[in-house]
Each structure stands twice: as structure tokens, then as C-alpha cells.
Engineer: 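Sharing a structure below in C-alpha cells format, with a few things to ask.
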Amino acid sequence: MIEAAARFFNNGGTFMWVILGVGAFALAVIAERLIFFFITCRGDSRGLVAGIAKAISVNNTEEAVKITSSRKSPVHRLLNVAVNRYKEGMGYEEIQQGVEEAAIKEIPRFSSRLSSLGMFANIATLTGLLGTIFGLQVSFNSLQLAEGAEKATALANGIAQAMNTTAMGLIVAIPCMIAFTQLSNVQSGLTEDLDEATVKVLNYLEKRK
């Protein structure tokens with residue numbers, strides 16, 4: 001299995017290394033996004049809102065601040081701004097303004113680097129196609145060779161490079177596109193949860209004023 005994989009890679013030529021490098025960058029982005037979405041942003045936003053409302057209902061703003069400071073996710077940071085401004089006695093408009101200003105910085109964290117996965121998929125595919133063209137050129141050039149053995153070897157090498165680079169490009173591109181789609185869906189869900197939690201807390205604070 002390992003020998004077959006090594007042979008497949010070597011027969012693809014230089015372009016295989018380029019595609020492999022693209023795959024490594026894509027894997028790093030996927031790992032970073034998974035950590036951010038499922039570790040940094042994990043938690044129940046509804047439970048967070050309920051905890052804040054419960055603390056504020058008994059005028060325990062310190063506990064509300066503590067709850068929103070417990071994590072570094074975008075929703076925690078936005079609600080932390082709202083609770084801190086409420087604690088300082090600011091009016092509803094000032095609280096809302098502070099949250100909107102914080103949102104400009106926090107919301108883009110959800111989509112950060114996601115678009116690069118689509119770019120990596122395109123680069124891998126196009127590099128594979130470029131390798132295919134070079135492989136076909138090798139095959140065509142082999143027709144000029146006089147020796148039958150040399151001609152057959154060059155033709156086989158060119159075909160191997162053409163097919164292997166195309167396959168390698170797709171091997172990297174397809175997982176990139178799948179990851180992009182799935183992570184984009186997760187991002188949309190987290191953004192909706194953030195919007196819902198923020199609106200609920202702001203509405204509650206407005207009623208308390």
C-alpha cells in the first residue's frame with residue numbers, strides 16, 4: 001500500500017509536491033476552523049442568555065459579567081460588552097452602540113479563512129490540470145524518439161504524470177469543497193445563535209432600564 005502510494009506520487013512529477021503543499025495548508029485551515037467552531041464556540045447560547053437574565057434579575061451584575069467572561073467566543077464577548085455597559089449604568093442606546101461596535105470585530109471571526117478553502121480547491125484542481133498538460137507533452141514528445149523501448153518508456157511516464165496529477169488534484173480539491181460547505185453551514189448556525197442571543201439580552205436590558 002505504501003509502496004503503491006509512493007510510486008503514484010513519484011510518477012506524478014514536480015506538480016505533486018505543489019498539490020501536496022496546497023493540501024497541507026488546507027488541512028491546517030480545516031483544523032483551525034474545527035477548533036474554533038467546536039471548542040472555542042461550543043456551548044449553549046440559550047443557557048448563556050438565561051444565566052445572564054437570572055443574574056441581572058437579582059441585581060447580581062458581577063455574576064453576569066463573570067458568566068460572559070468565562071469564554072472567548074464571539075457571543076460571550078458581545079454579551080460581555082452589553083453587561084459591562086449595563087453595569088456602568090449606561091442607557092440602552094449606549095449599550096446597543098457598544099455591542100454593534102464589538103460585532104464589527106467579532107462576527108468576521110466566524111468566516112475567517114473559510115473562503116481560502118475554495119481557493120485551495122481551485123488551485124489543486126488547476127495544478128493537477130497543468131500537470132496533465134505537461135504529462136501529455138512528454139507523451140507527444142516521445143513519438144519523436146527512434147528507439148521503441150525509449151519511446152514506450154517516455155510515453156508511459158507522460159501518461160502516468162498526466163493521470164496522477166489530475167487524480168492528486170481532485171483528491172485534495174474534493175475534501176476542500178466538502179469541508180468548505182460543511183463549515184459554512186456551521187458558521188451560519190453559529191451566526192444565527194449569536195444574533196438571537198444578542199437580541200434577547202438587549203431586549204431584556206432595555207426592559208430593565
Side-chain angles (χ1 to χ4, degrees), residues 5 18-56 60-87 95-96 98-128 167-205:
V18 178
I19 299 172
L20 184 63
V22 172
F25 279 111
L27 186 61
V29 170
I30 292 171
E32 187 275 334
R33 288 290 84 191
L34 288 173
I35 292 172
F36 178 75
F37 287 152
F38 295 104
I39 295 180
T40 303
C41 296
R42 78 179 187 276
D44 180 14
S45 60
R46 293 181 180 179
L48 175 62
V49 172
I52 293 172
K54 181 179 179 180
I56 292 178
N60 190 354
T61 54
E62 290 292 342
E63 178 63 20
V65 171
K66 183 179 179 180
I67 292 172
T68 57
S69 300
S70 62
R71 303 288 297 279
K72 299 298 182 182
S73 69
V75 65
H76 279 78
R77 289 184 172 181
L78 288 185
L79 297 184
N80 182 257
V81 171
V83 171
N84 271 306
R85 291 202 167 203
Y86 175 81
K87 178 184 174 184
I95 296 173
Q96 185 179 33
V99 171
E100 290 175 351
E101 291 174 354
I104 295 175
K105 179 180 179 181
E106 295 299 327
I107 292 180
R109 293 175 66 195
F110 287 128
S111 58
S112 176
R113 287 178 285 278
L114 267 185
S115 60
S116 63
L117 290 177
M119 179 187 70
F120 290 145
N122 288 330
I123 292 175
T125 302
L126 294 175
T127 304
M168 185 67 174
L170 294 176
I171 288 171
V172 172
I174 292 173
C176 283
M177 294 308 299
I178 293 173
F180 173 76
T181 301
Q182 295 300 320
L183 291 175
S184 294
N185 291 336
V186 174
Q187 173 218 338
S188 297
L190 290 173
T191 302
E192 290 176 3
D193 288 344
L194 180 143
D195 291 339
E196 181 181 354
T198 304
V199 170
K200 286 183 177 180
V201 169
L202 287 176
N203 289 341
Y204 181 76
L205 294 180

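Numbering starts at 1 and runs along the sequence shown. Predicted model only: the values in this text are computed from it and were never measured.
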Engineer: Tell me which pairs pass salt bridge (charged side-chain N to carboxylate O under 4.0 Å, His left out) where either residue lies in residues 19-37, with sequence neighbours left out.
Structural biologist: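 Counting only pairs at least two positions apart or across chains, the salt bridge (charged side-chain N to carboxylate O under 4.0 Å, His left out) contacts touching residues 19-37 are Glu32-Arg113.
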Engineer: Which value, rounded to the nearest 0.5 Å, describes the distance between Ile107 atom CD1 and Glu100 atom CD?
Structural biologist: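 Spacing of CD1 (Ile107) from CD (Glu100) equals 10.0 Å.
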Engineer: Quick one: pull up CG in Asn203 and OG1 in Thr198 and give me the separation to the nearest 0.5 Å.
Structural biologist: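 Rounded to the nearest 0.5 Å, the CG-OG1 separation comes out at 10.5 Å.
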Engineer: Restricting to non-hydrogen atoms, name the atom on Ala64 and the atom on Ile56 that form the minimum distance, rounded to 0.1 Å.
Structural biologist: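 Scanning both residues, the minimum pair turns out to be CB-CG1, 4.0 Å.
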Engineer: So which atom in Asp193 and which in Ser45 form the shortest heavy-atom distance, rounded to 0.1 Å?
Structural biologist: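 The pair with the smallest heavy-atom distance is CB-OG, 3.8 Å.
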Engineer: Rounded at 0.5 Å granularity, tell me how far CD1 in Ile39 sits from OG in Ser73.
Structural biologist: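 Reported value, rounded in 0.5 Å steps: 13.0 Å.
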Engineer: Which pairs pass side-chain hydrogen bond (donor to acceptor under 3.5 Å, both in side chains) with one or both residues in residues 169-182, sequence neighbours excluded?
Structural biologist: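 Of all non-adjacent pairs touching residues 169-182, none passes side-chain hydrogen bond (donor to acceptor under 3.5 Å, both in side chains).
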Engineer: I need the Leu183 CG to Phe36 CZ distance, nearest 0.5 Å.
Structural biologist: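 Leu183 atom CG to Phe36 atom CZ measures 12.0 Å (nearest 0.5 Å).
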Engineer: Verify side-chain contact (heavy atoms from CB on, under 4.5 Å) between Glu62 and Asn60, making sure each step is shown before the conclusion.
Structural biologist: CA-CA 5 Å; Glu62 290 292 342; Asn60 190 354; 3.9 Å; yes
Engineer: Less than 4.5 Å apart, side chain to side chain, heavy atoms only: is that true for Cys176 and Phe180?
Structural biologist: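 No; the side chains remain at least 4.5 Å from each other.
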Engineer: Does this structure show an ion pair linking Lys200 with Glu196, if we count only N-O contacts that are shorter than 4.0 Å?
Structural biologist: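 So Lys200 pairs with Glu196 through a salt bridge.
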Engineer: For a 4.5 angstrom cut-off between non-hydrogen side-chain atoms, does Cys41 reach Phe110?
Structural biologist: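 The answer is yes; the side chains approach within 4.5 Å.
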Engineer: Which residue pairs satisfy the salt bridge (charged side-chain N to carboxylate O under 4.0 Å, His left out) criterion with at least one member in residues 167-192, sequence neighbours excluded?
Structural biologist: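 Checked against salt bridge (charged side-chain N to carboxylate O under 4.0 Å, His left out) - neighbours excluded - no pair reaches residues 167-192.
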Engineer: How close do Ser111 and Gln187 get, heavy atom to heavy atom, and via which atoms?
Structural biologist: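 Taking every non-hydrogen atom into account, CB-NE2, 3.7 Å.
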Engineer: Hey, could you give me the CG/CZ distance between Leu27 and Phe120, rounded to the nearest 0.5 Å?
Structural biologist: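 It is 11.0 Å, given to the nearest 0.5 Å.
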Engineer: Evaluate whether atom CZ of Phe37 has more than 12 neighbouring non-hydrogen atoms of other residues, nucleotides or ligands under 6.0 angstrom away.
Structural biologist: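 It does: Phe37 CZ has more than 12 such atoms within range.
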Engineer: List the steps and the verdict of side-chain contact (heavy atoms from CB on, under 4.5 Å) for Ile123 and Met119.
Structural biologist: CA-CA 6 Å; Ile123 292 175; Met119 179 187 70; 3.9 Å; yes
Engineer: Roughly how far, to the nearest 0.5 Å, is the CG atom of Leu20 from the OG1 atom of Thr127?
Structural biologist: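 Answer rounded to 0.5 Å: 12.0 Å.
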Engineer: Of the non-hydrogen atoms in Met177 and Ala121, which two are nearest, and what is the gap between them?
Structural biologist: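 That would be SD-CB, 3.4 Å.
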Engineer: Locate the shortest heavy-atom distance separating Ala82 from Val99; write the atom from each residue and the value.
Structural biologist: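 Between these two residues, the closest heavy atoms are CB-CG2, 3.7 Å.
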Engineer: So Arg77 and Val81, side-chain contact (heavy atoms from CB on, under 4.5 Å) or not? Walk me through it.
Structural biologist: CA-CA 6 Å; Arg77 289 184 172 181; Val81 171; 5.9 Å; no
Engineer: Which heavy-atom pair separates Ala197 from Val75 by the least distance, and what is that distance?
Structural biologist: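 The answer is CB-CG2, 3.9 Å.
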